[in-house]
Amino acid sequence: QVQLVESGGGLVQAGGSLRLSCAASGGDSNNYAMGWFRQAPGKEREFVAAINWSGGSTGYADSVKGRFTISRANAIAKTTAYLQMNSLKPEDTAVYYCARGRRSTYSYSPYEYDYWGQGTQVTVSS
């Protein structure tokens with residue numbers, strides 16, 4: 001059974017940085033895209049960033065382009081996805097979720113991801 005575990009969330013002041021990590025185990029996630037989504041209170045879950053299986057192709061939401069960077073490390077029996085978040089804004093406050101894609105190429109749609117982590121809270125104070 002594939003399991004995704006996020007870490008690295010917390011409270012940070014506006015303009016600060018955080019690095020989220022997502023450890024995927026229990027399956028060969030090296031061959032699948034990975035994505036980050038977020039959900040703020042009262043809002044729908046939204047796409048943040050995604051990366052293809054090799055790390056050679058990435059995609060970002062317009063709201064985070066130039067500030068966030070997604071990357072991944074493929075190892076034997078373990079895949080780790082990262083989200084480096086710089087120049088954080090209060091509107092970035094949300095629960096951030098890591099997800100594994102259904103295919104090797106990434107998608108902007110949450111319906112193209114079949115395994116999800118439990119989420120990690122990111123709070124940006126003004």
Side-chain angles (χ1 to χ4, degrees):
Q1 183 71 9
V2 175
Q3 289 188 316
L4 304 179
V5 179
E6 302 101 333
S7 61
L11 173 64
V12 64
Q13 288 188 332
S17 298
L18 282 175
R19 189 192 195 205
L20 305 184
S21 298
C22 170
S25 61
D28 187 11
S29 296
N30 289 345
N31 294 321
Y32 295 88
M34 299 291 291
W36 288 94
F37 292 78
R38 67 186 181 186
Q39 188 167 19
K43 295 187 176 181
E44 293 186 353
R45 190 170 299 190
E46 65 174 0
F47 172 81
V48 176
I51 189 167
N52 75 335
W53 71 277
S54 67
S57 181
T58 58
Y60 297 92
D62 288 342
S63 59
V64 307
K65 277 181 183 176
R67 300 188 297 122
F68 290 11
T69 303
I70 188 171
S71 60
R72 67 185 293 159
N74 291 341
I76 296 175
K78 185 177 180 181
T79 303
T80 307
Y82 303 96
L83 186 67
Q84 177 67 43
M85 305 186 294
N86 298 328
S87 302
L88 283 162
K89 305 175 181 179
E91 51 263 44
D92 294 319
T93 295
V95 176
Y96 283 71
Y97 297 90
C98 171
R100 196 189 84 167
R102 298 181 188 276
R103 298 187 295 271
S104 59
T105 54
Y106 69 81
S107 170
Y108 295 91
S109 170
Y111 299 106
E112 295 301 319
Y113 295 81
D114 52 3
Y115 293 99
W116 294 80
Q118 81 287 352
T120 185
Q121 177 71 47
V122 171
T123 303
V124 184
S125 63
S126 57

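We're numbering straight along the sequence, starting at 1.
Side-chain contact between Gln39 and Pro110: absent, with no pair of heavy atoms (C-beta onward) separated by less than 4.5 Å. A 4.5 Å side-chain heavy-atom check between Met85 and Arg67 finds every atom pair outside the cut-off.
When hydrophobic clusters are built by joining Ile, Leu, Val, Met, Phe, Trp and Tyr residues whose side-chain heavy atoms come closer than 4.5 Å, directly or via intermediates, Val124 is grouped together with Leu20. Val12 and Tyr82 fall into different hydrophobic clusters, where Ile, Leu, Val, Met, Phe, Trp and Tyr side chains are chained together by heavy-atom contacts under 4.5 Å. No path of Ile, Leu, Val, Met, Phe, Trp and Tyr side chains, each step under 4.5 Å between heavy atoms, connects Tyr32 with Ile70, placing them in separate hydrophobic clusters. Hydrophobic clustering (ILVMFWY, side-chain heavy atoms < 4.5 Å, transitive): Leu18 and Val48 are in one cluster. In the hydrophobic cluster analysis, where Ile, Leu, Val, Met, Phe, Trp and Tyr join through side-chain heavy atoms closer than 4.5 angstrom, Val64 is grouped together with Ile51.
Taking the six-membered ring for Trp and thresholds of 30 and 60 degrees, Trp116 and Phe37 have ring planes inclined between 30 and 60 degrees apart.
For the atom pair OH (Tyr60) and CZ (Phe47), the distance works out to 9.0 Å, reported to the nearest 0.5 Å. To the nearest 0.5 Å, atom CZ of residue Arg19 and atom OG of residue Ser71 are 6.0 Å apart. To the nearest 0.5 Å, the span separating CZ on Arg38 from OH on Tyr97 amounts to 13.5 Å. Rounded to the nearest 0.5 angstrom, Asn30 CG and Ser54 OG are separated by 11.0 Å. From Asn31, atom CG reaches atom CG of Asn52 across 11.0 Å, with rounding to the nearest 0.5 Å.
The heavy-atom pair separating Lys78 from Ala23 by the smallest distance is CE-CB, 3.9 Å. Across Val2 and Gly27, no two heavy atoms sit closer than the pair CG2-CA, 4.1 Å. Scanning all heavy atoms of the two residues, the minimum distance from Gln121 to Thr93 falls at NE2-CG2, 4.0 Å. In plain terms, the two heavy atoms of Arg72 and Thr79 that are nearest each other are NH2-CG2, 3.3 Å. Here the shortest heavy-atom pairing between Glu6 and Cys98 reads OE2-N, 2.8 Å. Across all their heavy atoms, Cys22 and Met34 have their closest contact at SG-CE, 4.1 Å.
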Apply side chain to side chain contact (heavy atoms under 4.5 Å, CB included) to Gln1 and Tyr115, showing your working. CA-CA 10 Å; Gln1 183 71 9; Tyr115 293 99; 4.0 Å; yes
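Between the side chains of Asn86 and Ser17, at least one donor-acceptor pair of N or O atoms lies under 3.5 Å.
Using a 4.0 Å cut-off between charged side-chain N and carboxylate O, Lys89 and Asp92 make no salt bridge.
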